Amino acid sequence: MRVFSGGLGTETNTFAPMPTSLASFRDRDYYPAGTHPDSVTFAGAPLYVARLRGKPLGWELHEGMVSSAQPGGITTRAAYETLRDELLADLRRALPVDIVLLGLHGAMVADGYDDCEGDILARVREMVGPGVVVGAELDPHAHLTPLMVEQADVLVLFKEYPHTDIRERAEELVTLCVAAHEGRIAPKAALVDCEMIVPMHTSRDPARGFVRRIQEMEGRDGILSISVAQGFATGDVPEMGTKVLVYSDGDAGAAARLARQLADELIGLREQLMVPYRSIDEALDEALAFEGGPVVLADRPDNPGSGAPGDSTFVLRRLLERGIDKVALGPLWDPVAVRIAFDAQPGATLPMRLGGKIGPLSGDPVDTTCTVKALKRDLVMTGLSGAPAPMGDCALVEAQGIEIVLTSIRNQAINVDLFAQLDCDLPAKKIVVVKSAQHFYASFSTVARHVIYVGGRGVATPDWKTLPYKKIRLPKWPL
């Protein structure tokens, strides 16, 4: 059996000020054909699983390019077309193949392309023809378009948020695609638009219970796979929103009925699924009133995982103004401040200007006196599903009892080892502020006594009604 696998993806915040360039992909994950590491990467999980699964079975696996970028602003046309064409050229050299397995995202938007994944899948289908099984793994924060569903035989989305199941969903994708190629199943898809946009934190009910229930349905009564695209609210494209995708074995009607049923259930849960965000001062008051600690505050509006810069100062400024200490905060993306800290060296105390460099939604820079506590070159945080997440040169500085992790590579807080590698003692803190929406939860919940989600101004604000949408199709509750 001849199998081709590769990947390309990023999550595009169309309101973010920073373009996602070719350098953005090369800075995070760029593996030319045949160079993917022996581990899971964000866009390389199907390739890695196919490698492990196929070797003892004698598959002829052709490994194409795999690349992903940190979520950011609109991908440049040059970056998208260059990487897309490299991936397609790798596939062309591998032809003929029986199966194509892709690691994509689902919310990649480029200059001139509102549906990058649909474009890729359509070009793949045109190249391989109708008899080849085409499958892709997607992030649940996807704009799941009819074109994507039409051009692929199987699409499998991560079910967990935080995304702790990237490898497991890749395993399912490979299993289904092999079964389809061997004629043991005939996947029939149904896609239903819920006409809303809601987050689904599977760390808590009702999302946790809903996801467990749909997993129990898979493999029964002819149902092959069920995925929920939560959607990505800061992507202004026509197909943005929450959708349900069901595959049944040969019975399109059964898939359609179940997809409609599950969509209606989600619509009924939408009020409960919404995250209760606090203002900055409400969050700080709640944290201070909580007995014990640490209390984790998730700075959602400045989440780099949703395309924000990661350099906003709104929370930091209020901490300093209110004189709150025993705090850890990070990661704050500020390569200039990192360079200054490395020049000063640990133990030095000096005036520093922190954050607030990208635009008005980052706030004004904070000018304060800092003591350099620790430095680390090329720090690597444990990322999603254990994949390495480079943070670049990092510094820990302290200002008025607030320890701040400064990074030179933009990323969200995913694992407590970001702080631990700089000798920041999180359990000793009263408050820990993380720049993340939800991916922090799996790791930081091991030290947190309480978690508070913070809203407000920012490039990735959860107050979607303030965003100047132009392309989305309405209605789209709660807009």
Side-chain angles (χ1 to χ4, degrees), residues 1 3-7 9 36 39-57 59 61 66 98-106 117 121 124 132-142 144 148-149 151-191 200 202 207-208 210-230 243-251 254-255 258-259 262 384-387:
M1 184 164 64
V3 178
F4 174 84
S5 189
H36 190 274
S39 60
V40 170
T41 61
F42 180 80
L47 183 152
Y48 177 68
V49 168
R51 182 190 291 173
L52 295 182
R53 186 88 62 90
K55 187 174 182 179
L57 297 175
W59 295 358
L61 177 62
V66 174
D98 300 303
I99 298 174
V100 175
L101 300 168
L102 298 175
L104 304 175
H105 183 285
E117 290 80 4
L121 289 166
V124 167
V132 173
V133 175
V134 175
E137 182 178 32
L138 302 171
D139 190 292
H141 298 111
L144 196 52
M148 292 160 60
V149 175
Q151 298 299 324
D153 293 281
V154 180
L155 299 174
V156 174
L157 282 64
F158 317 151
K159 286 184 169 64
E160 303 293 343
Y161 183 36
H163 304 331
T164 55
D165 61 333
I166 296 175
R167 177 170 176 174
E168 288 81 359
R169 300 292 82 77
E171 295 273 5
E172 289 180 11
L173 175 71
V174 173
T175 296
L176 290 170
C177 287
V178 171
H181 166 67
E182 294 176 347
R184 292 184 283 113
I185 61 172
K188 300 296 181 182
L191 178 67
M200 293 180 64
T202 55
R208 177 169 51 197
F210 185 87
V211 167
R212 298 299 173 267
R213 196 161 62 80
I214 64 174
Q215 285 181 301
E216 293 172 356
M217 294 178 182
E218 294 175 319
R220 298 181 180 181
D221 302 321
I223 300 302
L224 301 174
S225 173
I226 304 171
S227 293
V228 176
Q230 302 177 33
K243 301 181 182 181
V244 176
L245 175 64
V246 174
Y247 288 95
S248 71
D249 187 5
D251 188 344
L258 182 57
L262 294 174
L384 297 176
S385 289

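Please read these numbers as outputs of a predicted model, since none were measured by experiment.
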Non-hydrogen side-chain atoms of Leu155 and Leu121 separated by less than 4.5 Å: yes
Can you tell me how far apart NE2 (His181) and CG (Asp98) are? Round to the nearest 0.5 Å. 4.0 Å
Worked verdict on Glu216 versus Arg213 for salt bridge (charged side-chain N to carboxylate O under 4.0 Å, His left out): CA-CA 5 Å; Glu216 293 172 356; Arg213 196 161 62 80; over 6 Å; no
Do Leu47 and Arg51 have side chains that approach each other closer than 4.5 Å (heavy atoms only, starting at C-beta)? yes
Any Val49 side-chain heavy atom under 4.5 Å of Leu101 side chain: no
Is there a side-chain contact between Gln151 and Val134 in this structure, where contact means two heavy atoms from C-beta onward sitting under 4.5 Å apart? no
How far does OG of Ser385 sit from CZ of Phe158, to the nearest 0.5 angstrom? 7.5 Å
So, for Val178 and Met1, which heavy atoms are closest and what is the spacing to 0.1 Å? CG2-CE, 4.1 Å
After noting the C-alpha distance and the side-chain angles of Glu137 and Lys159, does the key distance pass the salt bridge (charged side-chain N to carboxylate O under 4.0 Å, His left out) rule? CA-CA 11 Å; Glu137 182 178 32; Lys159 286 184 169 64; over 6 Å; no
For Leu104 and Glu117, the nearest pair of non-hydrogen atoms, with its separation, is CB-CG, 3.9 Å
Answer yes or no: is there a side-chain heavy-atom contact under 4.5 Å between Met148 and Leu245? no
Spatial distance of atom CG (Leu52) from atom CD (Glu171) [nearest 0.5 Å]: 7.5 Å
I need the minimum non-hydrogen distance between Arg169 and Val156, along with the two atoms involved. O-CG1, 3.7 Å
Nearest heavy-atom pair of Ala255 and Ser248: which atoms, and what distance? CB-OG, 3.7 Å
To the nearest 0.5 angstrom, please state how far the OH atom of Tyr247 sits from the CD1 atom of Ile226. 12.5 Å
For the residue pair Tyr161 and His141, does the interplanar ring angle fall in the parallel (under 30°), tilted (30 to 60°) or perpendicular (over 60°) class? perpendicular
Taken to the nearest 0.5 Å, the spacing of Glu172 CD from Glu218 CD works out to 5.5 Å
Has the side chain of Gln230 got a donor or acceptor atom that lies under 3.5 Å from a matching backbone atom of Pro140? no
Hey, does Leu176 have a side-chain heavy atom less than 4.5 Å from the side chain of Ser225? yes
Closest contact, heavy atoms only, Leu262 versus Val246: CD1-CG2, 4.4 Å
Closest heavy-atom pair and its distance - His105, Ala142: O-CB, 3.8 Å
Side-chain heavy atoms of His36 within contact of Thr41, under 4.5 Å: yes
CG/Leu224 to CG/Asp249 distance, rounded to the nearest 0.5 angstrom? 5.0 Å
Got Val228 and Phe210 here, is their nearest side-chain heavy-atom distance under 4.5 Å? yes
Under 3.5 Å, is there a donor-acceptor pair between the Arg53 and Thr175 side chains? yes
